[in-house]
Each structure stands twice: as structure tokens, then as C-alpha cells.
Amino acid sequence: MLTVATWNVNSLKARMERVLSWLDRAAPDVVCLQETKLTDAAFPAAAFVSAGYESLHFGQGQWNGVAILSRLGISEPARGLIGEPGGEARALGATCGPLRVYSLYVPNGRSLDSDHYRYKLEWMDALAGTVSAELRSREHLVLGGDFNIAFDDRDVWSPGAFEGTTHVSAPEREVLERIYQLGLTDLFRVQHQEEGLFTWWDYRGGSFHKRQGMRIDLLIGSRAVAENLSWTLIDRNERKGPGPSDHAPVLAGLQIG
DNA sequence: ATGGTCGATGGTCGA
């Protein structure tokens, strides 16, 4: 059994204590982290070594920043996507044992009429191209990330509340569908079909306790990964207690390796 | 419910 996970930590500096205790408890083999908000120089690689993980980090400080932790070795780093717009630290690829892994922090989009929304769609185009290229040589591909897209209405607490906003617009859902059509699967959704299973809750207004969230953090696997999927879960407990990220980790168990 | 919260900052902005 091989466990992969993704978690938007919303500042690794602010979250490090929780991340280390979660690693100890959840014992994942490969972890994709997003929003580290660190420079590469400030990334706490030594602390992860002490916890048993090799790591790669692609950061810029202040905003964005993605990392991969691995207990299965880590090699062949890819910083950024093929033809990626923006030049921000939002995508990091690595080979971890039998898996080719990407940690992804998709642009938020802000609003449907903003340049940042167009940037989001262009960024997703670059992701589709990169995935397509990776699939030519890799059988076992896993994308873990904060996609900032709720693929269908089951993935938001109130479809009415999201009308006219980002995360649910048809172009966003279509570009994610294009990635699925390359042969990839939303690993959590294939096992859990009900509505109201979320990975992100706004800090404001007690959203978590009101169960008002979105499912935007995804583990997406190629066919060879999906065929060997054993279990998936959202670690809701990590959204509780003092000093949580606004995102919960998502985990998957694979019968690989 | 456009934010009453966070985290980057050290003004406000981004989510």
C-alpha cells in the first residue's frame, strides 16, 4: 500500500507544527503541499528529513509556493508547466518511487471579468499540455493540488450562492473535464458520490461549522493509478482545533509498488 | 451573507 496526499497549508511557516504532527499521524508516503508562501531558502527541508521525508520546493516567498515530500525517493524535478503563463511558483513535478507526481496550485481567478480569470484558464491549458506530454512516457501519474475549481454542483455547499462566480463557471469545469478526457480520474469522486463532501471552508463566518465549503482540492490519477485505487478520504479533522489551514488534506491509498 | 478570518505584511491585498 502506498499513500499519497495533497494539502494546501496556507503558509507552511504558520502551519509547520501541525504539518509535522499530521505527517506522524497520517504517515503518507508522498505529499503535495501548496501555498507554502516561502522562498526556497526558507523551506524547512531539514525538519522534513528528521520526519523521514525527502523534499522538493518551488517557492517565491509571500505568495504561492508548492512542495513535494516523499519517503520513496524524489528525482527528476520539473519546476513549472510547459508553456506556463505568469511565471509564478504554482507547479512542481517529481518522480517518487513508481509515481510521477505534480503538486499544483491553480490560480484563484478572483472574478469572471478579471485578467486573473483569463490567466487561470490559460494556466489550466498549460497544465493540460503538460499532463498530455507526461502521459507519453509515464504510466503512473498523480496530480495533487488546490485546483480552485468545483467540478460539479455536488462540490459546493449552495450552487445558488456561487452563480456568476469563479470556481463553478462552465469554462473552468470544461478545462478540468479536458484533463479527465486525457484518461485521468478524480480519485476521491470515483469512490464517494454524495454531495457536501468538502476540502475547503472559508475562515470567515463559521463556514466550517455550518458545513459551507467547497471540494476544490483533488488527487487526480492516470488510468494505471485509478485501477489500483484502494481508498480515499478527506482528513476533516485537520480543519479543526487551533490554527488550522482553511483546507483539509485529501489522501488516497494505492495498491502500487 | 461580499463578510464577521486568516496570513502575507507593516499600506492593504489576496483568498
Side-chain angles (χ1 to χ4, degrees), chain A residues 6-22 32-44 47 57-67 84-91 103-124 127 144-151 153 155-169 171-173 176 196 198-218 234-250:
Chain A
T6 185
W7 192 8
N8 180 325
V9 295
N10 185 21
S11 170
L12 188 56
K13 185 179 173 201
R15 215 69 58 211
M16 192 58 181
E17 196 176 325
R18 282 193 74 132
V19 170
L20 288 174
S21 88
W22 173 78
C32 300
L33 299 176
Q34 300 86 37
E35 283 207 88
T36 63
K37 300 185 180 178
L38 295 175
T39 60
D40 289 339
F43 182 76
H57 182 249
F58 178 34
Q60 61 185 74
Q62 190 170 15
W63 290 306
N64 310 313
V66 283
E84 178 179 338
E88 297 183 304
R90 293 181 176 275
S103 181
L104 303 167
Y105 177 44
V106 178
N108 175 287
R110 298 181 192 170
S111 63
L112 298 185
D113 59 357
S114 77
D115 289 340
H116 203 264
Y117 177 74
R118 282 183 284 283
Y119 166 50
K120 179 179 195 174
L121 295 175
E122 288 165 13
W123 195 96
M124 286 295 292
L127 175 60
D146 174 0
F147 282 78
N148 273 316
I149 297 171
F151 185 66
D153 285 349
D155 297 324
V156 296
W157 64 272
S158 167
F162 287 89
E163 271 176 46
T165 72
T166 61
H167 295 62
V168 301
S169 74
E172 289 166 274
R173 288 173 167 179
L176 190 49
F198 305 135
T199 65
W200 173 87
W201 301 261
D202 201 310
Y203 281 124
R204 296 167 293 188
S207 300
F208 180 68
H209 295 291
K210 295 179 193 168
R211 301 180 179 273
Q212 297 180 349
M214 284 196 273
R215 193 176 69 93
I216 54 177
D217 299 272
L218 306 175
I234 298 168
D235 198 348
R236 276 183 93 258
N237 286 331
E238 276 306 319
R239 184 61 177 79
K240 302 176 182 174
S245 170
D246 45 356
H247 297 252
V250 182

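Residue numbering restarts at 1 for every chain, and letters A, B, ... go by the order of the sequence lines.
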Task: Length of the line joining A:Q60:CD and B:dT9:P, which is rounded to integer Å - done: 12 Å
Open item on the list: Could you check whether any side-chain N or O of A:Y105 sits under 3.5 Å from a backbone N or O of A:N8, counting only pairs where one atom can act as donor and the other as acceptor?
Closed with: no
Task: Comparing A:A161 and A:A14 on DNA chain B - which has the more 5′ nearest nucleotide - done: A:A161
Task: Set of side-chain hydrogen bond (donor to acceptor under 3.5 Å, both in side chains) partners for A:R239, sequence neighbours left out - done: none
Task: Protein-nucleotide distance (A:H167, atom NE2; B:dT2, atom C1'), rounded to Å - done: 14 Å
- [ ] Take atom NZ of A:K13 and atom P of B:dA8, then tell me their distance rounded to the nearest Å.
- [x] 6 Å
Task: Pair listing, salt bridge (charged side-chain N to carboxylate O under 4.0 Å, His left out) test, anchored in residues 110-119 of chain A, at least two apart - done: A:D115-A:R118
Task: Contact letters for nucleotides 10-15 of chain B, in which S counts primed atoms plus P, OP1 and OP2 and B counts the base, heavy atoms under 4.0 Å - done: ----SB
Open item on the list: Please give the distance between the P atoms of B:dG3 and B:dC13 as a whole number of Å.
Closed with: 14 Å
Open item on the list: Measuring only the P atom in each nucleotide, how far is B:dT9 from B:dG14? A whole number of Å is fine.
Closed with: 14 Å
Task: A:P85: side chain to side chain contact (heavy atoms under 4.5 Å, CB included) partners, not counting sequence neighbours - done: A:Y119, A:E122, A:W123, A:A126
Task: Which residues share a side chain to side chain contact (heavy atoms under 4.5 Å, CB included) with A:A14, sequence neighbours left out - done: A:S11
Open item on the list: Taking ring-ring contact (aromatic ring centres under 6.0 Å, His included) as the definition, give me every residue that meets it alongside A:Y117, ordered by chain and number, with sequence neighbours left out.
Closed with: none
Task: Spacing of the P atoms in B:dC6 and B:dG11 (rounded, Å) - done: 23 Å
